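Source: prediction; values computed, not measured.
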Amino acid sequence: MPDVGPTAVLPRRPLTVGELLDSAVLLLRDQARVLVPMAVLLALGEQALLHPLRVLAGARPPEWWFDPDRLGSYWLLLALGAGTEAMIIALLGNPAARGAGAALLGRRTGPRELLRDARWGATLLAGAVVGCAVLLAGLAGPAWFVAYGLLGAVVPVLVVDRVAAHRAAGRALRLAVRVGGRAAAIRLLGYLGWWLIRLGIGLGVYHGLGLLGLFDVSAWALPVATVAWVAVNAVAYPALACLDAVLHLETRMRTEGLDIRLSRAPAGTPEPVLLAVPR
């Protein structure tokens, strides 16, 4: 039987918001060997992609604040940044969801298991769709929050529920709005919390180095800011992916009785069959 005590990564029962956040951190701790290196590479790619638009918008490191005369370019930069973040979190959601599924069944997974036979083709397509949807919503301003909140379960649905790729977005949307939109609201809460952490650390590293006076930070503003933001995003993005994974499974336990189904499953039932959505 899996551990259902306070140290379990994902207990087999509906969880409070605080327990969900704790479970996401515990899952990240267990799967950091896979998630953090992947996040470093993706975060570096994101910084390289955003750099030309930052120059066009006159955004200056480390805050990347904009030139008031270039508001249009900065708006596009914000939308693109929102889209790339959503895409990266979705891609990291593949190994995070596989790790969460194993944790729910009371076992830990190694890096090889997380990465092989993981529907990567469908995941890449889903990540691109999620990123484009959030980008387009970001161009409409506040609609970004709606799109981000509703699309968190797309990759967990693909990987854990074993749903066909063309049905994943629809099922993710239905799960997000159940129980009064609870899953969508928690996803936005998690993003806000990590955004504040990222902002504090990203700016704190830069200005802290300036206060130490070891070198002229302003002359190295771009590389210092880039390293700081990549470092903090390499933790924040996997943490948000882990939150999506545990939130998805918890929503299924809360609204579909997944925990009851697992307790009644015959011994020896393969793991993918246990977690997949019955047809």
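Between Ser23 and Pro11, the closest side-chain pair of non-hydrogen atoms falls below 4.5 Å.
Scanning all heavy atoms of the two residues, the minimum distance from Gly138 to Ala79 falls at C-CB, 3.8 Å. A pairwise comparison of heavy atoms in Ala24 and Ala239 identifies CB-O, 4.2 Å as the closest pair. Here the shortest heavy-atom pairing between Pro95 and Leu35 reads CG-CD2, 3.6 Å.
In summary, the side chains of Thr226 and Gln47 do not present any donor paired with an acceptor at a separation below 3.5 Å, with no hydrogens or angles considered.
Taking CE of Met87 as the start and OH of Tyr237 as the end, the distance is 10.0 Å to the nearest 0.5 Å. A distance of 7.0 Å separates CG of Leu175 from CG of Asp161, quoted to the nearest 0.5 Å. With rounding to the nearest 0.5 Å, the separation of CG in Leu124 from CH2 in Trp120 is 7.5 Å.
In summary, of the residues considered (Met253, Arg252, Glu250), a side chain to side chain contact (heavy atoms under 4.5 Å, CB included) with Leu104 occurs for Met253 alone. The only option from Leu41, Val34, Val36, Val40 that meets the side chain to side chain contact (heavy atoms under 4.5 Å, CB included) definition with Met38 turns out to be Val34.
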Give the C-alpha distance, both sets of side-chain angles, the deciding distance and a yes or no for side chain to side chain contact (heavy atoms under 4.5 Å, CB included) between Val155 and Ile89. CA-CA 10 Å; Val155 171; Ile89 294 167; over 6 Å; no
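Remark: aromatic rings of Tyr191 and Trp144 are close, center separation under 6.0 Å.
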